[in-house]
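Working notes, structure below.
Each residue takes its place number in the sequence, starting with 1.
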Amino acid sequence: MLGDIAIAVHPKDARYTKFHGKFAIHPFNGRKLPIICDDILVKMEFGTGAVKITPAHDPNDFEFGNRYRKRYNLEFINIFTDDGKINSHGGSNFEGMPRFKARVAVIETLKAKGLYRGDASNEMVLGFCSRTQDVIEPMIKPQWFVDCTGMAKDALNAVFDEDNKKIEIIPKQYSAEWKRWLENIRDWCISRQLWWGHQIPAWYVTLEDDESKEFGVYDKNWVVGRNEEEAQVEANDKFAGKTIIQMVQDPDVLDTWFSSGLFPLSVLGWPDNTDDFKAFYPTSVLETGHDILFFWVARMVMLGMKLGGDVPFRKIYLHPMIRDAHGRKMSKSLGNVIDPLEVINGISLEGLHKRLEEGNLDPNELDVAKAGQKKDFPSGIAECGADALRFALVSYTAQSDRINLDIQRVVGYRQWCNKLWNAIRFAMSKLGDNYVPHACPVLSMPFSCRWILSVLNKAIDKTVSSLDSYEFSDAATAVYSWWQFQLCDIFIEVIKPYFNGDDPKFESERSDARDTLWICLDTGLRLLHPFMPFVTEELWQRLPKTSESWSNESIMITKYPSVEEEWTNEEIESEMGLVEAAVKSLRSLRSQLPPSERRPAYALCKSDQIAAIIRGRELEIRTLASVSSLEVLADNDARLAECGVEVVSQHLSVYLQLQGALNAEFELEKLVKKREEKRKQYESLKKKTSASGYKQKVPQNIQDDDVAKLDKLVRELALVEETNRNLESTIAEDR
């Protein structure tokens with residue numbers, strides 16, 4: 001009440017219509033209080049419907065005061081000292097009183113003047129300090145502001161001006177957030193009343209002829225300098241002919257975001273035009289979280305352009321925010337905070353509980369947090385290592401704005417690291433102690449060697465292009481898929497027959513397989529290194545070295561892989577695709593047999609080209625499918641009656657000898673399901689191509705693809721029908 005400067009009423013409140021445009025008199029100091037009509041702040045039905053306005057000590061009143069300040073010449077009066085007592089503006093009767101005692105004194109004074117009309121309880125929101133639990137008292141204090149209008153426009157153009165675009169934001173969707181913030185920019189308050197930070201380089205000058213000697217009373221008495229000496233020179237010039245009593249630096253500090261916004265400049269020696277600044281400014285890429293795109297990144301851009309003459313970086317990459325496996329924000333009170341070191345080194349459930357107990361949670365929050373930890377980590381967190389955690393986080397970046405971190409996924413990548421070790425161990429045993437890497441002609445290599453180098457080329461191309469476009473998850477997937485599904489699952493398995501004994505007929509293949517294996521491991525480790533730096537360094541050091549690689553002490557400084565054109569072979573990859581499909585089908589049939597038992601397999605081919613491929617890749621199919629033999633048969637071969645069957649494509653079916661284990665009814669049921677599946681695919685595609693406007697709206701290349709797919713489905717259906725009839729005949733004969 002001591003700081004009231006106006007009274008607000010609703011313009012439609014009939015009770016106060018006669019007071020519109022008039023004044024009330026403050027009962028303690030005689031101050032004239034204008035009665036102002038306002039339909040934003042005032043609620044007619046609440047209380048008396050008349051609201052006293054104290055803009056210096058209430059956020060809503062502050063906004064009200066700003067709306068009417070010029071029209072009514074309103075003065076914002078602060079009645080508190082920094083230690084919570086009434087100052088001279090509160091009146092001599094209350095000056096020096098602590099705030100809560102002053103409130104009681106105000107009521108007593110109103111009663112003494114016969115102006116007290118009673119009290120009523122109303123709900124309100126009070127702010128409390130989280131540390132001391134004191135009631136927070138809003139106050140306005142003089143602050144330092146930066147006019148951001150011009151700087152914001154420049155920062156906006158740096159991203160959106162297509163003719164002079166200076167910054168790219170990745171992922172692109174955050175450009176909209178950049179635009180939203182900068183188009184609605186306000187003046188930036190850069191002063192903070194804290195004990196830590198860069199003290200504001202401004203000094204308040206107290207003059208002998210100042211009426212008030214209180215600090216900060218007169219805005220015109222401020223001077224600015226890089227240091228006190230500069231400020232003193234400016235003060236002497238500004239107040240020439242006047243007596244300066246003292247000059248005191250503002251105790252406020254700069255906003256953290258202002259100080260950190262200078263980071264790209266200050267680390268390079270700015271404001272001096274250093275060699276580093278000339279060489280490295282602007283920098284290339286900033287990587288940070290999307291949650292501080294405006295608070296930090298936009299401020300760096302605005303200050304960089306204003307003070308450094310250019311944007312501080314050309315690209316902004318924004319990573320997702322990490323949450324727990326359930327998508328919840330990490331919180332101490334929930335007990336779901338994951339410490340990276342605990343994932344790297346591992347920790348027991350008891351250790352997780354102990355960390356909570358060492359914090360400052362109250363007993364109820366502690367119980368909730370412990371229960372959460374016990375649910376999510378009943379056995380604690382297994383030791384995963386830095387590489388597994390790093391790879392998991394990179395793989396998660398496809399989720400864009402958040403990462404729901406499941407520790408079991410990290411554990412999976414730790415187990416994959418073990419697979420890398422096993423691959424190197426196998427390779428070292430096959431390379432031998434005296435192996436020396438050397439160049440070898442790709443065209444003369446065995447089929448499997450040419451294939452693995454061709455798909456390695458594709459993995460390199462995909463990884464490098466994904467890294468260049470900041471699609472880190474795609475890059476991780478490309479390198480992981482090559483290592484896991486092509487090198488380990490196929491190539492290492494398919495070359496094992498070359499090393500089983502010393503069969504002279506495989507001498508050339510053994511030599512080529514060694515060379516190819518070394519190329520794959522050396523190149524693959526270098527390709528994987530940015531994602532898993534520690535394990536790749538350790539394994540690379542164990543590989544035999546070329547004369548060139550001996551000169552590199554670390555994998556970190558070797559050349560990153562690039563595409564080798566001579567390795568690419570689309571025909572070989574197509575053949576291996578057919579081999580993989582046949583192997584997958586044979587493995588499905590083998591699931592009915594004991595794991596160690598091998599049976600003869602057969603292939604029924606509808607074209608000579610497919611038959612030639614199957615015969616030529618008989619060793620690879622036998623090895624990968626774990627069958628005792630593979631033979632291409634004619635349609636009417638009697639041996640097929642004793643076999644389980646899988647339709648691979650419209651040109652190929654594979655059979656596995658299951659005499660004694662063949663369940664004809666089961667095989668027939670599988671075929672019926674496959675037939676229905678193919679029929680549904682055909683009908684769906686046929687409906688799509690027959691739809692109204694299809695030929696006019698769909699591009700010709702897609703129409704051609706759809707025609708090819710329909711033709712393929714027709715042939716596959718025919719093959720399934722034929723196989724189905726043959727199996728039904730076999731069942732009928734057995735009966």
Next on the checklist: Quick one, Asp38 with Tyr68, criterion side-chain hydrogen bond (donor to acceptor under 3.5 Å, both in side chains). Give me CA distance, side-chain angles, the key distance, then yes/no.
Outcome noted: CA-CA 10 Å; Asp38 183 84; Tyr68 299 102; 2.6 Å; yes
Checklist entry - Going through the distances and angles, do Asp147 and Trp188 end up as a side-chain hydrogen bond (donor to acceptor under 3.5 Å, both in side chains)? => result CA-CA 7 Å; Asp147 181 355; Trp188 176 14; over 6 Å; no
Checklist entry - Distance only, no hydrogens: is a donor on one side chain within 3.5 Å (strictly under) of an acceptor on the other, for Trp144 and Asp250? => result yes
Next on the checklist: Looking at Arg355 and Glu342, is any side-chain nitrogen of the basic one under 4.0 Å from a carboxylate oxygen of the acidic one?
Outcome noted: yes
Checklist entry - Does a side chain donor of either Asn87 or Thr81 reach within less than 3.5 Å of an acceptor in the other side chain? => result no
Checklist entry - Does the cation-pi check pass for Arg299 over Phe258, that is, NZ or CZ under 6.0 Å from the six-membered ring centre and within 45° of its axis? => result no
Next on the checklist: Rounded at 0.5 Å granularity, tell me how far NZ in Lys329 sits from CG in Asn336.
Outcome noted: 11.0 Å
Next on the checklist: Can you give me the closest heavy-atom contact between His290 and Asp401, atom names plus distance?
Outcome noted: NE2-O, 2.8 Å
Checklist entry - Under 3.5 Å, is there a donor-acceptor pair linking the side chains of Ser191 and Gln143? => result yes
Checklist entry - Between Asn221 and Asp210, is any side-chain donor less than 3.5 angstrom from a side-chain acceptor? => result yes
Checklist entry - Where do Val224 and Ala202 come nearest, in terms of heavy atoms and distance? => result CG2-CB, 4.1 Å
Item to check | Ring centers of Trp181, Phe295 separated by less than 6.0 Å | outcome: yes
Checklist entry - Would you call Lys315-Glu287 a salt bridge at under 4.0 Å N-O? => result no
Next on the checklist: Whether Arg409 engages the ring of Tyr396 as a cation-pi pair (distance to the six-membered ring centre under 6.0 angstrom, angle to the ring normal within 45°) should be assessed.
Outcome noted: yes
Checklist entry - Between Phe94 and Phe28, what is the ring plane arrangement, given parallel below 30°, perpendicular above 60°, and tilted in between? => result tilted
Next on the checklist: Check for me whether Lys220 meets the cation-pi criterion with Tyr218, that is, NZ or CZ under 6.0 Å from the six-membered ring centre and within 45 degrees of the ring axis.
Outcome noted: yes
Checklist entry - Under a 4.0 Å N-O cut-off, is there an ion pair linking Asp82 with Lys141? => result yes
Next on the checklist: For Phe160, does the six-membered ring have the charged nitrogen or CZ of Lys179 within the cation-pi criterion, i.e. under 6.0 angstrom from the centroid and within 45° of the normal?
Outcome noted: yes
Checklist entry - Is it true that the side chains of Asn78 and His57 contain a donor and an acceptor less than 3.5 Å apart? => result yes
